[in-house]
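Quick notes on the structure that follows.
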Amino acid sequence: MRPDLFPEPYLRQLRELREHARPFSAQEAEAELAHALARPLGDVFRSFDNEPFAAASIAQVHHAALPDGKDVIVKIRRPHMRERIDGDMRILVAVARLAGTAIPSLRRLQLERLAREIWTNLRRETDLLQEARNIRRFCEAYKQRNDVYVPEAIEALCRESILVQVLSHGRSIEDPAVVQDGPRIAGVLVDFYLEQLLKSGLFHGDPHPGNLFLMEDGRICFHDFGLVGNLDRTTRRNLGLFLQAFVQQDAGWMLDAAIKLSRIDRTADRALFAPGIEEILSDYSSLPLKDWSIADAFLRVMRLGDGAHVAMPYNLMVLVRALFLIEGCLRRLDPDFNVLDNLIANGEAAIADTLGGRPERAAMTRLKTELALSAQDLPALLASLLHRAHQYGKEPALGLRIAHSEEIERRLDRRAGLLALALLSAGLLVASALLAQVNAGPHVLGMPAAALIGFALAIWLCLRVARLARSLWQG
């Protein structure tokens, strides 16, 4: 996947290892099927091809047909795969624990925790029933796209060690005939991954050429959903910020985005990382745009400070892997493919949808984006402030108590509530004015909707403050 790192003869041998692993015997395959399905194969399949047409490290794949004539593939996990993984990982966990005990300097790397996380993820990736569920989620999430295809899984026949999926046909994206259409395919891949990463959050974590092929109608078919990542809304927003900061070459913003992504310890000294971010951006500024790599930038940020204050959540680890693989596919499909230009051209709508505003290239990009995010968070902030104001109406903020003077205590409570509402209305007016100036988001009556809502709430609160102040004065 990295033709820039190894010569072609090495790459050819590595591709052989990836695509042509040694299959296990037909007898073992049939025994695994009969055990998983708990019934004779003739009751499940009209026909079953004993010879696999593909084999990989985890499973091998056979052709078959269902009783209704539908052609399917049957993916069978290698016998005793789980037992081998568990045995190897127990050894690795023990070695990691011993290394952490014997060498104190390694404790900060949390080797045992890392080994256990790898163990958990390996078990997840080798669960073919979970893969069937992942396929269903992808089919539902991206059914509206006409340039991508995911073959449906027959979940009723799927087990932890068996996956039955509709058969599809096509050419490998490494086929010379397909590479002629490389630039178009590369554009579709970029657009699809931007939708996965920034809009839905559900993404294919293993997009190497063995899992992608081009169908006769021009659609890209995805296979192997054992490794799938999920990005929640907050992570998608922060990823959008990181991409914008990278494109804008803004070191401070890029560091802030990395911290928000939980990749850098929030309590760590920023001075430890700021020079490293500057160096990363300086190195990229001297490279041709087609050689820029978002995956490499992520990885270099992770390595800042020798990794002492940087944590990599599992889904971001899957993300970096997927980015490296997809960038390798893009360079193979189109050696001159410019990732940065395509990110700016095709990613604008996706980033805008995630961040709640249209990204700009001007100097005010960061301010406008942050204000747009603040506008999205405004309802929750208002609810929190109103809740606090309500609390102040029942309980004085400083816990003031005057013995045997309920009337004075009641007046102090009302004044505390009045002060909180006054401060809230003033803050709303300032925030709404800023939002109106930024002019971001949907508009109503020629004004940004968020600003209009803010002004309306501020006016309502001002009127309420006036009524409360009048009642207090009269009382």
Side-chain angles (χ1 to χ4, degrees), residues 1 15 18-20 45 47 49 51-56 59-66 68-76 128 131-155 157-158 163-197 199-200 202-229 322 325-335 337 342 346 350:
M1 294 306 301
R15 281 196 291 271
R18 183 190 71 204
E19 297 173 1
H20 302 291
F45 303 106
S47 63
D49 190 347
E51 292 300 318
F53 70 89
Q60 66 186 33
V61 187
H62 298 251
H63 283 129
L66 298 180
D68 62 2
K70 180 181 293 185
D71 290 326
V72 295
I73 62 167
V74 182
K75 184 175 180 180
I76 307 173
L128 300 188
E131 182 175 348
R133 298 188 186 107
N134 292 338
I135 290 171
R136 171 165 42 84
R137 292 175 63 197
F138 262 80
C139 289
E140 292 172 355
Y142 304 111
K143 60 185 177 183
Q144 79 286 356
R145 294 193 67 106
N146 56 13
D147 51 6
V148 171
Y149 175 67
V150 177
E152 178 187 3
I154 313 299
E155 286 193 62
L157 298 178
C158 295
L163 173 71
V164 181
Q165 191 176 14
V166 172
L167 177 66
S168 54
H169 300 277
R171 292 175 176 267
S172 166
I173 64 169
E174 293 182 317
D175 189 308
V178 170
V179 173
Q180 293 178 1
D181 195 22
R184 183 193 69 83
I185 301 171
V188 172
L189 283 175
V190 167
D191 182 68
F192 184 44
Y193 263 86
L194 283 171
E195 179 177 353
Q196 292 178 70
L197 300 177
K199 289 186 178 180
S200 73
L202 176 67
F203 66 95
H204 190 291
D206 197 19
H208 64 71
N211 290 335
L212 307 174
F213 62 78
L214 188 69
M215 302 176 69
E216 291 183 2
D217 58 8
R219 290 182 294 174
I220 302 175
C221 183
F222 279 74
H223 277 286
D224 195 347
F225 290 83
L227 185 59
V228 166
L325 290 174
I326 208 68
E327 286 179 359
C329 285
L330 295 176
R331 291 189 174 96
R332 183 169 293 277
L333 288 165
D334 183 4
F337 192 83
N342 276 269
N346 299 335

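Because the structure is predicted, anything quoted here is derived from the model rather than measured.
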Let me confirm one number: the CZ-CD1 distance from R219 to I185, rounded to the nearest 0.5 Å. 14.0 Å
For a quick test of reading the model, state the closest non-hydrogen atom pair linking P209 to S172 and the distance between them. O-OG, 4.3 Å
Rounded to the nearest 0.5 Å, what separates atom CD1 in I76 from atom CG in L128? 10.0 Å
Going by the rule salt bridge (Lys or Arg N to Asp or Glu O under 4.0 Å), which residues pair with D68 if we only count those two or more places apart in sequence or in a different chain? none
In Å and rounded to the nearest 0.5 Å, what is the SG to CD1 distance from C329 to I173? 4.0 Å
Test of understanding: with side-chain hydrogen bond (donor to acceptor under 3.5 Å, both in side chains), list the residues that count as partners of H62, not counting sequence neighbours. Q60
Considering residues at least two apart in sequence or located in another chain, which fulfil the salt bridge (Lys or Arg N to Asp or Glu O under 4.0 Å) criterion with R184? D181
Name every donor-acceptor pair, under 3.5 Å, that has one atom in a side chain of residues 146-154 and the other anywhere in the protein, sequence neighbours excluded.
residue, atom, partner, partner atom, Å
D147, OD1, R145, NE, 3.0
D147, OD1, R145, NH2, 3.3
D147, OD2, R145, NH2, 3.0

Run the side-chain hydrogen bond (donor to acceptor under 3.5 Å, both in side chains) test against E131 and tell me which residues pass, sequence neighbours left out. K75
Under 4.5 Å between any side-chain heavy atoms of E216 and H169, yes or no? no
For D49, all residues meeting salt bridge (Lys or Arg N to Asp or Glu O under 4.0 Å), sequence neighbours excluded: none
If I take atom CZ from residue F53 and atom CD1 from residue I73, how far apart are they, to the nearest 0.5 angstrom? 5.0 Å
With A64, which residues qualify under side-chain contact (heavy atoms from CB on, under 4.5 Å), at least two apart? F45, F48, V72, V74
R171: what forms a side-chain contact (heavy atoms from CB on, under 4.5 Å) with it, not counting sequence neighbours? D175, A177, V178
Test side chain to side chain contact (heavy atoms under 4.5 Å, CB included) on E195 and Y142; report intermediate values, then the result. CA-CA 9 Å; E195 179 177 353; Y142 304 111; 3.7 Å; yes
Sole residue of F192, F138, F213 in ring-ring contact (aromatic ring centres under 6.0 Å, His included) with F222: F192
Listed by chain and number, what are the salt bridge (Lys or Arg N to Asp or Glu O under 4.0 Å) partners of E155, not counting sequence neighbours? R136
Report yes if some heavy atom in the side chain of C158 is under 4.5 Å from a heavy atom in the side chain of L163; otherwise report no. yes
Rounding to 0.5 Å, atoms OG (S200) and CD (E140) come to a distance of 12.5 Å
Flag side-chain contact, heavy atom, 4.5 Å: H63 against D71: no
So, using side-chain contact (heavy atoms from CB on, under 4.5 Å) as the criterion, who are the partners of D206 when residues are at least two apart? H204, H208, N211, D224, L227, R321, L325
Minimum-distance pair of heavy atoms, taken over all atoms of L212 and P207: CD1-O, 3.7 Å
I would like to know whether H223 and S168 meet side chain to side chain contact (heavy atoms under 4.5 Å, CB included); could you show each step before the answer? CA-CA 10 Å; H223 277 286; S168 54; 3.3 Å; yes
Test ring-ring contact (aromatic ring centres under 6.0 Å, His included) applied to Y193 - qualifying residues, sequence neighbours left out: none
Out of curiosity, I326 CD1 to L330 CG, how far, rounded to the nearest 0.5 Å? 5.5 Å
S47: partners by side-chain contact (heavy atoms from CB on, under 4.5 Å), with sequence neighbours left out: A65
